[in-house]
Protein chains: 2
Amino acid sequence: MLITQLVKARGDRLTATDRRLVAVLQAQPAEAAFWYAAELTEPLGLHQSAATRMAQRLGFDGYPQLRDALRQDYLAGDGPSQRVRGLLERHPDDVLRGFVDDEVAALSALPQHVAQAELDDLAAQIVAAGHVYLFAQGNAAVLADLLARRLRRFGMRSTVLTGADRELAERLSALQPGDLLLACAFRRVPSALAPVLEIAASGGAFTALITDTLLTLSPQPDVILAAPRGGDDYLSLTVPMAIANALVLTIARQAPEQSIGSLDHLGALLERFAR
Amino acid sequence: MLITQLVKARGDRLTATDRRLVAVLQAQPAEAAFWYAAELTEPLGLHQSAATRMAQRLGFDGYPQLRDALRQDYLAGDGPSQRVRGLLERHPDDVLRGFVDDEVAALSALPQHVAQAELDDLAAQIVAAGHVYLFAQGNAAVLADLLARRLRRFGMRSTVLTGADRELAERLSALQPGDLLLACAFRRVPSALAPVLEIAASGGAFTALITDTLLTLSPQPDVILAAPRGGDDYLSLTVPMAIANALVLTIARQAPEQSIGSLDHLGALLERFAR
DNA sequence: CGCTCAATGCAAGTGAGTTTGCATCTAGCG
DNA sequence: CGCTAGATGCAAACTCACTTGCATTGAGCG
């Protein structure tokens, strides 16, 4: 994309305000191609001259010249005609486009498979839980890591359960009634999942599972959030990660004082490190 | 299409010249939405006032009003911003739906920001590299982990660079010419990034960066793959993860015997564990 | 054949959008 | 702490696209 190339080449001259404007141009290329300077700057509370100066810092005579360039770029590369072409004939060489198409399709379908009400339920359980255990094996481990990071930011305590059996058993030995186990597993059932679920359930913990197709397990988790992933051969974590993110957002919504307060606390701690 | 509707309704008042102009508007709706009156009329050897008068005969105050209508019609119908419509009617309580909308929008735009050719270049460098160093801090660390896992499956050696300065320095001490550094950084520049890039570059390594907005760094990486992430407040890793996945797929495509062979090898090893 | 009306080109006038000099403010630096 | 350089807002000046009155042309019609 032209605007990205321009920033790569001349970005060192840009100010913070310029970058805010550029971000808008990147996010809304079609609309921005029509805008006057004021239409670009006013939503950001900036004067229209900011647009002129950003354009000049990017090497153009003025803002209209930048806009012309954006129009050309938009019509040449990303115009609607190109788009339709893209959807019809699959791109044999464009791995990125093909992959993105699959991912978008899978992601768009996610709300049909997971209801907000289910997220609300699980979020409430997590907010109420004493300690959260996150189980994952293999690639799914990055999901558990991500969830652990986000929960930590909210001031919630969690333990990531990864690795071999002995490791798992050790970590689970601290489990108490009122705790919660959230497992992430895809395609195949990890051999450790059944015992972990059993231990958690018999220990009085609430159990939940984020998965793609693993709908029948024994013991059955209390909550299952399941949505198919896109693509056939290469399975990404986009869809389950979206579930995880939406879950985090739902938690933040349910316990705003706790989550926001924790972020403030985090900021204060960070400043003490910066000294 | 709007212009067709207008002619149906008011076409009886149009002159022969008007119809020639309308035909151009119908044939090139995307381009015409940008044109000044003169740009529309001059290719036909007509004066710009012809545009004004055609617009008036179609019921508009003047030519700019007609053009605005064409733009609206273009953006609403054929344009890529049907997603904007989805973003307007926001779901206040459905966190999942809102989040998915943002993510789909950002992901759809990804191919506009990163070209397959760029992925091809970087993939070739990675295939040729002796050792791959993956740098990431904070949330981005999950990305580095994911890349490390995928590369490992292809039989490529990699080192994840996370954590504090001393740790980084130790790991980097093994860096050799012909190695490759792939950094992941978003929104803010991690303080360790500049020295790491410097060390890698001066050590003869190829340097690359996956990012959202960090386009200007010193030293500048050899390759930058940049695409904005969706949403305003909550920034997910969906878009950068898609870049990473597409990169992995591109590598697999470029070095099929190596990547597939490694997977076979992995399967054989797994069986020996299962015994 | 000449009259009338509508269409079109021309060019001056108008107004919206853009640029730019100036003043203010902030951050970096000695 | 004061100084300098750069960034930003403001407002006047300016540019340029658009409109409109007028003149010309051509077609239709008595």
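Side chains included, hydrogens not; waters and symmetry mates left out as well; all remaining heavy atoms used. Just so we're on the same page: letters track the sequence lines, and every chain starts at 1.
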Represent DNA chain D in dot-bracket notation, 5' to 3'. Only Watson-Crick or G-U wobble pairs with both distances under 3.5 Å count; pseudoknot-style crossings use [ ] and interstrand partners use |.
||||||||||||||||||||||||||||||

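Within 4.0 Å of B:Gln56, counting heavy atoms only, lie sugar-phosphate atoms of the nucleic acid but no base atom. Using a 4.0 Å heavy-atom cutoff across all strands shown, A:Thr15 reaches sugar-phosphate atoms only and no base atom. Counting non-hydrogen atoms under 4.0 angstrom, A:Gln48 reaches a base of the nucleic acid.
Taking atom CE of B:Met54 as the reference point, atom P of C:dA6 lies 20 Å away to the nearest angstrom. Rounded to an integer number of Å, the gap from CG of A:Asp68 to P of C:dG17 is 16 Å. The separation between B:Asp61 atom CG and C:dA16 atom P is 13 Å, rounded to whole Å. Computed from coordinates, the B:His47 NE2 to C:dC10 P distance equals 6 Å when rounded to whole Å. Rounded to an integer number of Å, the gap from CG of B:Leu44 to C1' of C:dA7 is 16 Å. What separates CZ of B:Arg57 from P of C:dA6 is a distance of 11 Å, to the nearest Å.
Using a 4.5 Å heavy-atom threshold, the side chains of A:Thr17 and A:Met54 count as separate. Put simply, the side chain of B:Phe206 reaches to within 4.5 Å of the side chain of B:Leu122, judged on heavy atoms. Residues B:Leu182 and B:Tyr133 are not in side-chain contact: their nearest non-hydrogen atoms beyond the backbone lie 4.5 Å or more apart.
Atom CD of B:Gln125 sits about 6.5 Å away from atom CG of B:Leu180, to the nearest 0.5 Å.
The footprint of chain A on DNA chain D, defined by a heavy-atom cutoff below 4.0 Å, extends from D:dA7 to D:dA11.
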Decide yes or no on salt bridge (Lys or Arg N to Asp or Glu O under 4.0 Å) for B:Arg187 and B:Asp212, but give the supporting numbers first.
CA-CA 7 Å; B:Arg187 202 159 49 157; B:Asp212 48 358; over 6 Å; no

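One N or O on the side chain of A:Thr15 and one on the backbone of A:Asp18 form a donor-acceptor pair closer than 3.5 Å.
Remark: the A:Glu103 side chain and the A:Thr238 side chain contain an N/O donor-acceptor pair separated by less than 3.5 Å.
In summary, A:Arg71 and A:Glu31 do not engage in a salt bridge, as defined by a charged side-chain N under 4.0 Å from a carboxylate O.
Close to C:dG9, at under 4.0 Å from its OP1 or OP2, lies no side-chain N or O of B:Ser49.
A pairwise comparison of heavy atoms in B:Asn245 and A:Ser236 identifies ND2-CB, 3.5 Å as the closest pair.
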